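The structure displayed is predicted, hence computed values, not measured ones.
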Amino acid sequence: MRRNRTVQVSKYIIIAVVSLLIIIPFWDMAINSFKTQEESTIPSLSLPTKWQIVENYETVIVKGKLVRSFFNSLLITGASSLLIIVVSTMAAFVFGRRREKGVRTWFFLFLLGIITPPSLIVSTLMLKYMGLLGTYQGMILYYIATFSPLPIFILTGFMATVPREIEEAAVIDGASPMGVFLRVVLPLMKPAIATAFIYTVLKIWNDFLFPMYILAGDTKKYTMILSLFFFKGQFYTAWNLVFADLILVSLPVLVVFIFAQRSIVKGLTAGALKG
Amino acid sequence: MFKRKKIHDTVDKIHPMYFAIPAIVVYSIFFLFPIIINFGTAFTDWNTYQSGFNFTGLENFKKLIEYGDIFRVTKTTILFTITAVVLQNVIAFFLALALEKASKLNNFFRALFFAPAVIAIVVWGYLFQTILHPKGVLNSLLSSLVPGDVTFVWLGSVDFTIFVVAGANAWMWTGFTMMIYIAAMNSIPEQIIEAARIDGLGYFGMIRRIIIPLIIPGLTVNIIISIIGSLKVFDMIMVMTKGGPGKATEVFNTWIYETYGQGLLGYASSMNIFMIIFISAIAFPIYLQMSKRVVEA
């Protein structure tokens, strides 16, 4: 028994030491965002000799145009995620039930989208010819195309578990396809929809690659991540400001994570755990 | 019997194809169509300095081979992938073993280890750039542990910076991988563990003979996800090294972005199509298995 206890204690000592690997970067990021520019030239873990909190964050919010980019991120992430959920749930309603060759082929093509990288060069130029490059609509449409495969995969898997008898009963009661979808299937799919929604929100909010191609031309439409990238390019010597920007960009997701930890873990690991 | 079949026909009518049309249309136009076109543009001299383009046959691929870019970039991407996948999975496995039982303390540590995965890669990329600076946090911490001043240039080596960047990537995703291992371990029936313990199986015997064989599905998923994710890496490298020093950390996505930036669209799209085929070929067997799982459900 005593031996067991020593094992337990030493286990947690090791884990506590390992967790420093996570805590130190967070501490580093926060503490250096409170320093003056001179002191943050080489970011260190020491406390600031002169605390400069309000000034740093104010500068970043104003010069980094963070308010605007926050709302850009909100609009792009919100609209894309909602639309992805709408089209994916509707597609899953078909893919989860019908077994004909044509339907299966489409489902397989969507699965391909989970692993296959997109053709960004051609897509970008195509958006340009369509007049959609550097627009919210273009970005949102592109996100729907590239990020719907996994939600379709998750939701189709879930749709297959919805009992047919419930649908049959609704049909006998005279429900239309839309009626069955909205009143019978949708309420049952809520948990899977929540998971898929969280997945898309986090992926799109944090995405960097696609906006680099599609939105980089227009500063007014920068997402938070893009604004951070270009802010760093401009203020690369002022680490205190860059760090304040890092904090502000991370804050929205971090706050949500603290309050909705369980759902977020579930959402992010969705593709892995529930097929 | 007859009646039953009739109801099924009606149920098929209840799931008309047009429900899938919005997803199919957007996906076809913005994902599938560009890939198909890409098979054509890869064989052109399409660029931003001239209007129109000419088909140049295998010219782009000849160039990719002659300059060695295709080999160099593929090799770098594979080195990055192997390093990240191994580090991430080994550490995550042992963390999962330690934190597998649900308790307040364990849940706290799980959340802490998972936290990096919710924040943008770009954020961590910049942070690690300063931490790994010769006078940065890592070297000064090392200096306090070993005699002398450590002034190691982590991000300046042609030979090993790719491993450092892969390490940063693994750091970020270890908690994510750990969660999947924990879920897999929790699905092992308690009786099996108990029986093995009664049979006198030691700690490592338990890991080798019971735990690993029983979490194979979770392990497979973890390896697949980390391989696919690592082969597609962009953010971490773009932010930490921009492919440097020199071209030492250039991977598929950063090479393509760079070449696109130079206006060489046909050339960039030839590498793009190579990357699409390369990654799909690696992931295809896995993808078939995944789809079977849903269809059989």
With chain A, the option among B:Pro34, B:Ser140, B:Ala20 that has the most non-hydrogen atom pairs under 4.5 Å is B:Pro34
Would a distance-only check, ignoring hydrogens and angles, find a side-chain to backbone donor-acceptor pair under 3.5 Å from A:Trp205 to A:Ser73? no
Would you please say whether a donor-acceptor pair under 3.5 Å links the side chains of A:Ser119 and B:Asn38? yes
So, the part of B:Thr174 with a heavy atom under 4.5 Å from chain A: the answer is neither
Okay, B:Lys135 and chain A: the region with an atom under 4.5 Å from a heavy atom over there is both
Distance-only polar pair, side chains of A:Tyr12 and B:Asn106, donor-acceptor under 3.5 Å: yes
Legend entry - B:Trp255 and B:Tyr267 aromatic ring geometry - parallel, tilted or perpendicular at 30°/60° bounds: perpendicular
The interface call for B:Leu231 against chain A, heavy-atom contacts under 4.5 Å, is neither
Assert top hit (heavy-atom pairs under 4.5 Å, partner chain B, pool A:Val256, A:Leu202, A:Leu209, A:Ile42) equals A:Leu209
The interface call for A:Phe110 against chain B, heavy-atom contacts under 4.5 Å, is both
Report task. For the residue pair A:Phe257 and B:Phe114, categorise the inter-ring angle as parallel (less than 30°), tilted (30 to 60°) or perpendicular (more than 60°). Result -> parallel
Okay, A:Ile258 and chain B: the region with an atom under 4.5 Å from a heavy atom over there is neither
If one checks every heavy atom of A:Thr89 against chain B at 4.5 Å, the contacting part turns out to be neither
Should the heavy atoms of other residues, nucleotides or ligands under 6.0 Å from NZ of A:Lys11 be counted, would the total exceed 12? yes
Checked A:Leu21, A:Val253, A:Leu228 vs chain B; the most non-hydrogen pairs under 4.5 Å come from A:Leu228
Problem set entry | Ring geometry between B:Phe176 and B:Trp173 (parallel below 30°, tilted from 30 to 60°, perpendicular above 60°) | perpendicular
If one checks every heavy atom of B:Tyr126 against chain A at 4.5 Å, the contacting part turns out to be both
d(B:Asn253 CG, B:Met271 CE) to nearest 0.5 Å is 10.5 Å
- Item | Heavy-atom neighbours of B:Lys232 NZ exceed 12 at 6.0 Å | yes
Discussion item. Over 60° means perpendicular and under 30° means parallel, so tell me whether B:Phe31 and B:Tyr27 are parallel, tilted or perpendicular.
Written reply: parallel
Okay, A:Leu246 and chain B: the region with an atom under 4.5 Å from a heavy atom over there is both
Applying a strict 4.5 Å limit to non-hydrogen atoms, the region of B:Asp235 in contact with chain A is both
Greatest number of non-hydrogen atom pairs under 4.5 angstrom with chain A, of B:Trp46, B:Phe252, B:Phe128, falls to B:Trp46
| request: Can you label the angle between the B:Trp171 ring and the B:Trp124 ring as parallel, tilted or perpendicular, going by 30° and 60°? | output: perpendicular
Cut-off 4.5 Å, heavy atoms of chain A, and the answer for B:Ile282 is neither
When the 4.5 angstrom heavy-atom criterion is applied to B:Leu99 and chain A, the contacting part is side chain
| message | Assess whether a salt bridge exists between A:Arg97 and A:Glu167, defined as any Lys/Arg side-chain N lying under 4.0 Å from an Asp/Glu carboxylate O. | response | yes
If one checks every heavy atom of A:Leu83 against chain B at 4.5 Å, the contacting part turns out to be neither
Cut-off 4.5 Å, heavy atoms of chain A, and the answer for B:Leu32 is side chain
request  = Kindly say whether B:Ala184 contributes a backbone atom to a donor-acceptor pair with the side chain of B:Ser187 at under 3.5 angstrom?
outcome  = yes
Bottom line for B:Phe33: the part with an atom under 4.5 Å from chain A's heavy atoms is side chain
So, the part of A:Val18 with a heavy atom under 4.5 Å from chain B: the answer is both
One option among A:Ile84, A:Asp245, A:Leu125 has the most heavy-atom pairs under 4.5 Å with chain B, and it is A:Leu125
Max heavy-atom pairs within cutoff under 4.5 Å with chain A, candidates B:Ile228, B:Val118, B:Leu265, goes to B:Val118
**Request:** Say whether B:Thr151 and B:Asn139, considering side chains only, have a donor N or O and an acceptor N or O under 3.5 Å apart.
**Result:** no
* To do: For the residue pair A:Phe93 and B:His15, categorise the inter-ring angle as parallel (less than 30°), tilted (30 to 60°) or perpendicular (more than 60°).
  => tilted
Cut-off 4.5 Å, heavy atoms of chain B, and the answer for A:Ile22 is both
Applying side-chain contact (heavy atoms from CB on, under 4.5 Å) to A:Ser44 and not counting sequence neighbours gives A:Lys35, A:Ser46
query: So, A:Ser148 versus A:Ser88: side-chain donor-acceptor pair below 3.5 Å or not?
result: no
Answer key: most heavy-atom pairs under 4.5 Å with chain A among B:Ile121, B:Thr41, B:Thr259, B:Ile256 is B:Ile256
Checked B:Ile37, B:Leu112, B:Ile279, B:Ile35 vs chain A; the most non-hydrogen pairs under 4.5 Å come from B:Leu112
Turns out that what part of A:Pro252 lies under 4.5 Å from chain B's heavy atoms comes down to neither
Counting heavy-atom pairs under 4.5 angstrom with chain B, the leader among A:Met178, A:Met224, A:Arg262 is A:Met178
Okay, B:Ile273 and chain A: the region with an atom under 4.5 Å from a heavy atom over there is neither
Bottom line for A:Met126: the part with an atom under 4.5 Å from chain B's heavy atoms is side chain
Practice problem: Please confirm whether B:Phe234 and B:Tyr257 have ring centers closer than 6.0 angstrom. | Solution: yes
Whatever's closer than 4.5 Å to a heavy atom in chain B on A:Phe181 counts as side chain
Bottom line for A:Tyr213: the part with an atom under 4.5 Å from chain B's heavy atoms is both
Assert top hit (heavy-atom pairs under 4.5 Å, partner chain B, pool A:Asn32, A:Val180, A:Asp28, A:Val185) equals A:Asp28
Looking only at A:Ile247, A:Asp207, A:Leu141, the option with the highest number of non-hydrogen pairs under 4.5 Å against chain B is A:Leu141
Okay, A:Ala92 and chain B: the region with an atom under 4.5 Å from a heavy atom over there is neither
